[in-house]
Chemist: 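Attaching a single structure in structure tokens format; questions to follow.
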Amino acid sequence: QKLDVNGNARIREALFDSNNQSGTAGQVLSSTATGTDWVTPTEAYGGFSSLETQTFAANTATPITFNHTDQIKNIGHSETVDNSEFTFQVAGEYSMNIEPQLLRNSGSAGGGTLDVWVQIDIGAGFVNIDNSNIKRTVSGSQSTGISPLTITIDAVVGEKVRFMAYVDDTVLELHYTAAAAPRPATP
């Protein structure tokens, strides 16, 4: 170590990395195995929805599908093949949120319960993420409800996640409502 500052320091011009580069606006100085390097921080985000009503077999865990991509950056997702899965293309901490629109589509009496949770595949198949389940119960004909679920996970490149649904009655569905003036669609 050729420089050791014990106290305040002011740098009036550029800092250079091990490659003698000063970096550009927005970059951060990152430690490497042999020195330092200016790097651009990588961001990842996505917004996804389903533009169709999803029905489920009773008492069967089923992946929730997302057939529309609102926005995406550094997250892998197909709208047609395995459209329930999301693949992390950048390692980091991710906050994920789902707000399923539950509808009991028939029956004048009774109720029903929807469970939604998150599964992760770290290379050996999907498994449940502990303590990620939410439960929403509705009763009566045409009952509706929203059940938000937010979870934060640390992911590495290549890991996959998906949201699962479980209903105790086939009259429960994740309901899509098409746009009708003056309101937009409800995915």
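Bear in mind that the values here come from a model prediction, so they are computed numbers and not experimental data.
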Chemist: Find out whether Thr177 and Arg183 are in side-chain contact, i.e. whether some heavy atom of one side chain is under 4.5 Å from a heavy atom of the other.
Modeler: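 Yes, at least one pair of side-chain atoms sits under 4.5 Å.
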Chemist: Only one of Asp168, Val167, Asn133 forms a side-chain contact (heavy atoms from CB on, under 4.5 Å) with Asp115, so which one is it?
Modeler: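 When side-chain contact (heavy atoms from CB on, under 4.5 Å) is applied between Asp115 and each of Asp168, Val167, Asn133, only Asn133 qualifies.
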Chemist: Closer than 3.5 angstrom, by distance alone: can the side chain of Thr152 be matched with the main-chain N or O of Ser95 as a donor-acceptor pair?
Modeler: no
Chemist: Taking all heavy atoms of Trp38 and all of Leu15, pick out the closest pair and write down the distance.
Modeler: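 Shortest heavy-atom contact: NE1-O, 3.3 Å.
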Chemist: Between Asn67 and Leu51, is there a donor-acceptor pair closer than 3.5 Å when you use the side chain of the first and the backbone of the second?
Modeler: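 At least one qualifying donor-acceptor pair exists.
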Chemist: Is the backbone of Thr65 close enough, under 3.5 Å, to the side chain of Asn83 for a donor and an acceptor to pair up by distance?
Modeler: no
Chemist: So which heavy atom on Thr53 is nearest to which on Tyr176, and how close?
Modeler: OG1-N, 3.1 Å
Chemist: If you define the side chain from C-beta out and look only at heavy atoms, does anything of Thr170 sit under 4.5 Å from Thr55?
Modeler: no
Chemist: Determine whether a donor-acceptor pair (N or O, by modelled atom type, separation under 3.5 Å) exists between the side chain of Thr60 and the backbone of Ala58.
Modeler: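 Flag set: sc Thr60 to bb Ala58 pair under 3.5 Å.
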Chemist: Are Tyr94 and Val127 in one and the same hydrophobic cluster, where Ile, Leu, Val, Met, Phe, Trp and Tyr link if side-chain heavy atoms are under 4.5 Å apart?
Modeler: yes
Chemist: Report the C-alpha distance between Asn97 and Thr150 in whole Å, list the side-chain angles of each, state the deciding distance to 0.1 Å, and finish with yes or no for side chain to side chain donor-acceptor pair (under 3.5 Å).
Modeler: CA-CA 4 Å; Asn97 179 275; Thr150 300; 2.5 Å; yes
Chemist: Could you check whether any side-chain heavy atom of Phe66 comes within less than 4.5 Å of a side-chain heavy atom of Ile98, counting everything from C-beta outward?
Modeler: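 They are in side-chain contact.
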Chemist: Look at atom CG of Asn19 and say whether more than 12 heavy atoms of other residues, nucleotides or ligands are closer to it than 6.0 Å.
Modeler: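 Counting neighbours around CG of Asn19, more than 12 heavy atoms of other residues, nucleotides or ligands fall under 6.0 Å, so yes.
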Chemist: Can Asp121 and Arg162 be counted as an ion pair, charged N to O under 4.0 angstrom?
Modeler: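 Arg162 and Asp121: not salt-bridged.
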Chemist: Please determine whether residues Phe163 and Ile122 belong to a single hydrophobic cluster, defined as Ile, Leu, Val, Met, Phe, Trp and Tyr linked transitively by side-chain heavy-atom distances below 4.5 Å.
Modeler: yes
Chemist: Are Asn128 and Gln119 close enough that a side-chain donor and a side-chain acceptor fall under 3.5 Å?
Modeler: yes
